[in-house]
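Note that these values count all heavy atoms, side chains included, but never hydrogens, waters or copies made by symmetry. Worth saying up front: this structure is predicted, and the values here are computed from it rather than measured.
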Amino acid sequence: MPATTYAVFGMSCGHCKATLTKVIGELDGVSGVEVDLAGGHVTVTSAAEPDDALIAETVDEAGYELTGRA
């Protein structure tokens, strides 16, 4: 399964990690989410190539800013 890493701005605590893990993990095709607070990265494991626009929208709706692939 491919893993894609995104740069996300605005994450700073365990609540941020839990929120992003939950909302991204609920997207169709996503099988895993790893949040690296210190590095400002979120790695998404999915069955197919992820929809970058959908992930960006989901991250933005949660109150963070996806700035691109890392």
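Checking each of Leu20, Thr67, Ile55 against Tyr6 for a side chain to side chain contact (heavy atoms under 4.5 Å, CB included) leaves exactly one that passes, namely Ile55.
For Asp52, the salt bridge (charged side-chain N to carboxylate O under 4.0 Å, His left out) criterion is met by Arg69, not counting sequence neighbours. The side chain to side chain contact (heavy atoms under 4.5 Å, CB included) test applied to Ala47 returns no partner, not counting sequence neighbours. With sequence neighbours excluded, the residues that form a side chain to side chain contact (heavy atoms under 4.5 Å, CB included) with Thr19 are His15, Ala62, Tyr64. The salt bridge (charged side-chain N to carboxylate O under 4.0 Å, His left out) check on Glu61 picks up nothing, with sequence neighbours excluded.
Taking a 4.5 Å side-chain heavy-atom cut-off between Ile, Leu, Val, Met, Phe, Trp and Tyr, the cluster of Phe9 contains only that residue.
Scanning all heavy atoms of the two residues, the minimum distance from Val59 to Leu66 falls at CG1-N, 3.8 Å. The nearest pair of heavy atoms linking Val33 to Thr21 is CG1-CA, 3.9 Å. Between Thr43 and Ala3, the shortest heavy-atom distance links the atoms CG2-CB, 3.9 Å. Minimum heavy-atom separation, Gly14 to Leu37: N-CD1, 4.2 Å. Contact record, Thr4 with Pro50: OG1-CG, 3.4 Å, taken as the closest heavy-atom pair.
Residue pairs that meet the salt bridge (Lys or Arg N to Asp or Glu O under 4.0 Å) test with at least one member in residues 11-37, sequence neighbours left out, are Lys22-Glu26.
Under the 3.5 Å distance criterion, the side-chain polar atoms of Thr5 are left unmatched by any main-chain donor or acceptor of Ala70.
One finds the CG atom of Leu27 at 5.0 Å from the CG atom of Leu54 (value rounded to the nearest 0.5 Å).
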